[in-house]
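Given the structure is predicted, the values throughout are model-derived calculations rather than measurements.
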Amino acid sequence: MTVAIAPTGQRPEVLRMQAVGKTFGGTVEALRDMSLTVGQGDFISLLGPSGCGKSTALRLIADLIRPTAGAIRWAGGQNPGDLGVVFQEPTLMPWATVAQNVWLPFRLRGKSFPAVRDEVRAALRLVGLEAFHDSYPRELSGGMKMRVSIARAMVTRPRLILMDEPFAALDEITRFKLNNDLLTLKQRIGCTVIFVTHSVFESVFLSDRIVVMAARPGRVIRELAVDAPYPRDDAFRTSSEYAAHCRAATAALHTAMGEAA
Amino acid sequence: MTSAEPALPQIDAEERARRKAARFERIGKWTLPVIALALGLLLWDRIVVWNQIPHYILPRPGLVLETLIEDWAILFEALLVTLQITLMALAVAVLGGVGLAVLFTQSRLIEMSFYPYAVILQVTPIVAIAPLIFIYVDNRLAGLLLCAWLVAFFPVLSNTTLGLNSADHNLRDLFRIYGATRWQKLRYLQLPSALPYFLGGLRIAGGLSLIGAVVAEYVAGTGGLKSGLAFRILEAGYRLNIPRMFAALILIAVTGVVIFAGLSFLSHMLLRKWHESALKREG
């Protein structure tokens, strides 16, 4: 059974970026005039070449840097726990076990391990690593480390998960597997994701909305809807629908590259 | 040996050479220094005998060993005094070094104000400062501790500071995103990140606090307190008791090695589960 997902406009709003711009050092314009409305349950990919401001956009949303222009508003105000983040590297604490790493977001909110033991276990089960509860990160493969990182990002069930090219450093086979697993996860817990990538195929496979961006200055070129229903599986990867979306995204990306050059 | 095992994977010349080198490395690491020591002692002994050097100028190694055994009661007591100062200085160096490092990373203002003076203290030779210290510090134990601490605290301070500042940038961002307090960031991120660096500094500080303790005692002489090894060496020198000087010197050197080995072991135990430096040794 496919789950019908309402068009973006009808979903409750989580976050809105209004004409956001960011200039570093007064001269380097990393992002210009970006507007984006994130609805609950959206899976949005920011797709573009290097230097198009994708990562800057994520850092702005995460409040790690402040916008030079415009504003970012969370529906109903923002709390520190509203966000989960997955970086390009697994970014685990090497001195802590897998479970302790996943515990971190709770720990920083003053919750003891016994109090959230079940949540930590559940998150590890969702990424298929329950058996590695007490392992240290160095004992895991690259893909497994990334799963721990994903478990940590979603253990608190945040309103929004930011992913900054999380699978870019992995091999293709692991990447496909993690793409599939990420969608399964999304189906199960209904999280909202903003996913930065420079892979057309990854963005089409995962997202229901693709924001194509261009560089110098970083800006939004086009927004594409991928209206194929979830769950998507390997059959979707070979469908003509998928191919058509990839063509459209590639064309938009070419425009972006052309305009940038 | 060559034709009897055809089932084994073929070992080519390069592989054979590599294995031979590895075996040489493994055995040689222990046997070669022992052989070098034995040869050195033998040469020393022969030089003394052949040149008929009197024992108050250069004793034979055997005599040094005899003295070490004969004077054990005096020397061991002196060793305990020196060791006590060394370990206390090391403890204070750790507290002071880590304390200052934490303070420096918490406040840029404090770091900028005081870091240059920490460097100045470090680069000024302790022999030059020690006489002054003993003019102003009445308590001899406190004076000795201060000298040893001055020598030993800097590696702990600079290594720990480096470690506290080298926490992973993405992890720092993550802590910020989760709204971590300053204390949480220090406790859960910076201190664990600094541990390997701190332990590296600690190993250096262990040797330095011994040096500091010995040098300080040289300068301070004895007075009120029981005598340490440095004083025993000076005293033996005045009396031309050269064998005892050698015996005391050996004790100091052995102490230094034991401290270094002990701290290396501690470092290995603390890091073996997760840090690269400890993993290589296991594997």
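Rounding to the nearest 0.5 angstrom, the gap separating the NE2 atom in His275(B) from the CZ atom in Arg138(A) is 12.0 Å. Rounding to the nearest 0.5 Å gives a distance of 12.0 Å between OG1 of Thr91(A) and NE2 of His169(B).
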Inset, instruction - In sequence, state the C-alpha distance, the side-chain angles, and the governing distance for Asn170(B) and Gln88(A), and then conclude on side-chain contact (heavy atoms from CB on, under 4.5 Å). - result: CA-CA 9 Å; Asn170(B) 284 336; Gln88(A) 186 171 342; over 6 Å; no
For residues 55-72 of chain A, tabulate all N or O donor-acceptor pairs below 3.5 Å that involve a side-chain atom, not counting sequence neighbours.
residue	atom	partner	partner atom	Å
Ser55(A)	OG	Asp164(A)	OD1	3.2
Ser55(A)	OG	Asp164(A)	OD2	3.3
Arg59(A)	NH1	Asp173(B)	OD2	3.0
Asp63(A)	OD1	Arg66(A)	NE	3.0
Thr68(A)	OG1	Thr23(A)	N	2.8

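Under the 4.5 Å side-chain criterion, counting only non-hydrogen atoms from C-beta, Trp274(B) is not in contact with Pro137(A). A 4.5 Å side-chain heavy-atom check between Trp95(A) and Leu271(B) finds every atom pair outside the cut-off.
A 6.0 Å sphere centred on CZ of Phe24(A) holds more than 12 heavy atoms belonging to other residues, nucleotides or ligands.
Proximity to chain B (any heavy atom under 4.5 Å) is restricted, for Leu92(A), to the backbone atoms N, CA, C and O. Of the atoms belonging to Thr181(B), not a single heavy atom falls under 4.5 Å from chain A. For Leu195(B), no part lies under 4.5 angstrom from a heavy atom of chain A. When heavy atoms are compared at a cutoff of 4.5 Å, Asp168(B) approaches chain A solely by way of its side chain, counted from C-beta outward.
In this structure, Leu108(A) and Gln184(B) approach most closely via the heavy-atom pair O-NE2, 3.0 Å. Residues Met93(A) and Tyr188(B) come closest through the heavy atom pair SD-O, 4.0 Å.
Of residues 16-25 of chain B, not one residue has a non-hydrogen atom less than 4.5 Å from any non-hydrogen atom of chain A. Of all residues in residues 113-132 of chain A, none places a non-hydrogen atom less than 4.5 angstrom from a non-hydrogen atom of chain B.
The side-chain tip of Arg109(A) does not point at the ring of Tyr178(B) from less than 6.0 angstrom away and within 45° of straight on.
With sequence neighbours excluded, no residue satisfies side chain to side chain donor-acceptor pair (under 3.5 Å) with Thr86(B).
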